[in-house]
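Let me begin by presenting the structure, written as structure tokens, before commenting on it.
Labels below follow one simple rule: chain letters A, B, ... track the order of the sequence lines, proteins then strands, and each chain is numbered from 1.
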There are 2 protein chains.
Amino acid sequence: MSKPPARIRLADAAFALFDERGYEQTTVDDIAERAGVGRTTFFRHYRSKEAVIFPDHDRLLELIRDRLATAGHSTALVAVSDAVRLVLLHYIEEGDLARRRYALTSKVAALRDREIASVARYQRLFREFIADWMGDPTASASLRAELMAASVVAAHNHVLRRWLRGESSDPVEEIDEAMREVLALFPAPSATTAAHDGGTTVVAFRTGQDLDALLPSLRRVIEGASGG
Amino acid sequence: MSKPPARIRLADAAFALFDERGYEQTTVDDIAERAGVGRTTFFRHYRSKEAVIFPDHDRLLELIRDRLATAGHSTALVAVSDAVRLVLLHYIEEGDLARRRYALTSKVAALRDREIASVARYQRLFREFIADWMGDPTASASLRAELMAASVVAAHNHVLRRWLRGESSDPVEEIDEAMREVLALFPAPSATTAAHDGGTTVVAFRTGQDLDALLPSLRRVIEGASGG
DNA sequence: CACTGCAACGGTACTGAGTACCGTCTAGTA
DNA sequence: TACTAGACGGTACTCAGTACCGTTGCAGTG
């Protein structure tokens, strides 16, 4: 019966102590002692006390980067959807561990802030990828890339949190549906550029009425947009 | 010639030292010494070494909260736009100080993370406000509130960063235009709910053609959506 | 003037995260 | 056996942040 490696024992000890005493009330010395290793060994495996909760953000970033790198111009949005699904699946595979982490980040402000900072790095990755894909350096296109990346990440967070709270039985189906909704918000980039030369603008909406009943208000919307 | 109050002297000293030696290379003792006060006094005025860079995030949060609180149901989106403009104006009034902070947050990861965490608090405020406004507790509405809040904040950040980098001469006009673009992405909430009962869906796009030329493809899109 | 209360300040001492460095033990190999 | 490399433990240090205490200065009050 050989003991599990120190890295695992440290993580187990940390989660257990955080549950028992709370995060701030647990020192690194406590964690190392329960894991049966020296304090130095803790910092050899984890850069900080916070990092023991988020072991593999770097790996996850690489995962996204790799998936996006395989995309051609016509498959860019598919790559984005795939990358988001990949991240979600990663958390789901963690199972109970992800839920314990969620319980901690919900209570401890320092951990929540760190989580948010990590998510911002994902968002940056998506934003740069989408901006490159658009290939249009104007301020307007840059804004659209920013909005799109923010929406993509928000959709992921929304589905993930639902699953973490036990409100979702099929998170993969939910993320696919959410991504469809996000992508539907944004026009194809080839069409958008033409609009700046004073074309017709059609805004997105959904209604119970049929198309013919909608035409008058459609026209009004279009004229309002081109007039303002 | 009376000296400025300690709070100001500390901020000045901190920014000066961060410029000279860098953030990590500057200790709180250094800052206090240059400001001519004791170390204790530093922590009386600023909760942490990072906080000296971001003095008034709490006040800004209150500003947003107050503006949103005055909104009625029909003026909710106006309140959101106003609140965002308020935040942007706050930074602009800081002028050079905001630009120095930007230079610091661009270099120091710890400061950038803190900035991001603060922005996330704004986003949460907007998300809760929008969700309340929608008054629809379904998962779909919750996602839409999340997407909208994320887009609102992303638009603000985009315009703010452009101004901070000196790429914008009229940031107020830019934020108004950006907010128009954001709000155009999202259908009115009364219309959205009907769509789930199998109504007509109109997707957003822009084109150089006029509306009549577009109708056939519009119909095709709608049938494709209701069929899938 | 003497007294009181209060607010801002300075100093000391402490906890705990994170870093640097050094010595030790052990497994694998020539 | 001798050598080497990696994982480990221990010590000592820096620095952020907290707790506590005493001091100073200034307002108002008798």
Side-chain angles (χ1 to χ4, degrees), chain A residues 1-55 57-58 104-105 107-115 117-118, chain B residues 1-18 20-55 57-58 101 104-105 107-115 117-118:
Chain A
M1 174 191 153
S2 64
K3 288 189 294 185
R7 185 178 174 80
I8 306 295
R9 294 207 312 275
L10 281 167
D12 288 344
F15 271 96
L17 285 168
F18 293 164
D19 282 344
E20 292 172 19
R21 314 180 191 175
Y23 178 77
E24 281 97 349
Q25 282 67 42
T26 303
T27 71
V28 173
D29 277 309
D30 296 336
I31 301 171
E33 188 184 347
R34 176 167 300 201
V37 300
R39 201 179 103 95
T40 312
T41 300
F42 176 90
F43 286 105
R44 278 208 186 86
H45 287 282
Y46 300 100
R47 263 203 280 250
S48 68
K49 181 180 162 186
E50 294 171 0
V52 72
I53 311 289
F54 311 103
H57 263 133
D58 289 345
L104 281 173
T105 53
K107 282 183 186 170
V108 184
L111 296 177
R112 185 168 47 243
D113 287 356
R114 186 184 171 110
E115 174 96 72
S118 299
Chain B
M1 175 191 155
S2 63
K3 288 189 295 185
R7 185 180 174 79
I8 307 295
R9 295 207 311 276
L10 280 166
D12 288 344
F15 271 95
L17 285 168
F18 292 164
E20 292 173 17
R21 315 180 190 175
Y23 178 77
E24 282 96 350
Q25 282 67 41
T26 302
T27 70
V28 173
D29 278 309
D30 296 335
I31 301 171
E33 187 185 348
R34 176 168 299 201
V37 301
R39 200 178 104 95
T40 312
T41 300
F42 176 91
F43 285 106
R44 278 208 187 85
H45 287 281
Y46 300 100
R47 263 204 282 251
S48 69
K49 182 180 165 188
E50 294 171 359
V52 73
I53 311 289
F54 311 102
H57 263 134
D58 289 344
R101 183 189 302 125
L104 280 172
T105 53
K107 282 183 186 169
V108 183
L111 297 177
R112 184 168 49 243
D113 287 356
R114 186 187 171 107
E115 174 98 73
S118 300

Report task. Go through B/Val52 and B/Phe18 one step at a time and tell me if the side-chain contact (heavy atoms from CB on, under 4.5 Å) criterion holds. Result -> CA-CA 11 Å; B/Val52 73; B/Phe18 292 164; 4.1 Å; yes

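- The nearest whole Å value for the distance from the CD atom in B/Glu24 to the C1' atom in D/dC15 is 13 Å.
- If you check D/dG9, C/dG18, C/dT12 against the side chain of A/Thr40, the one that comes closest is D/dG9.
- C/dG18 atom P lies 14 Å from atom OH of A/Tyr46, rounded to whole Å.
- For the pair A/Arg47 CZ and C/dA20 P, the computed distance is 13 Å after rounding to whole Å.
- Along DNA chain C, the nucleotide nearest to A/Val28 and the one nearest to B/Arg39 differ in position, and the one closer to the 5' end is contacted by B/Arg39.
- What separates CZ of A/Arg21 from P of C/dT15 is a distance of 16 Å, to the nearest Å.
- The CZ-P distance, from A/Phe43 to D/dT11, rounds to 17 Å in whole Å.
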Query raised in the report: Going through the distances and angles, do B/Glu115 and B/Glu50 end up as a side-chain contact (heavy atoms from CB on, under 4.5 Å)?
Result: CA-CA 10 Å; B/Glu115 174 98 73; B/Glu50 294 171 359; over 6 Å; no

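- No hydrogens or angles were tested; on distance alone, nothing pairs the side chain of A/Thr27 with the base of C/dG16 as donor and acceptor under 3.5 Å.
- A donor-acceptor pair is defined here as one N or O able to donate and one able to accept, closer than 3.5 Å; no such pair exists between the side chain of A/Lys107 and the backbone of A/Tyr23.
- Between B/His45 and C/dA8, a side-chain N or O to OP1/OP2 separation shorter than 4.0 Å is absent.
- With rounding to whole Å, A/Gln25 atom CD is found 16 Å from C/dT15 atom P.
- In this structure, A/Leu10 places its CG atom 9 Å from P of D/dG9, rounding to the nearest Å.
- Rounding to whole angstrom units, CZ of residue B/Arg44 and C1' of C/dA7 are separated by 10 Å.
- Between B/Thr41 and C/dC9 there is no side-chain polar atom (N or O) within less than 4.0 angstrom of OP1 or OP2.
- Here the side chain of B/Asp30 pairs a donor or acceptor atom with the backbone of B/Thr27 at under 3.5 angstrom.
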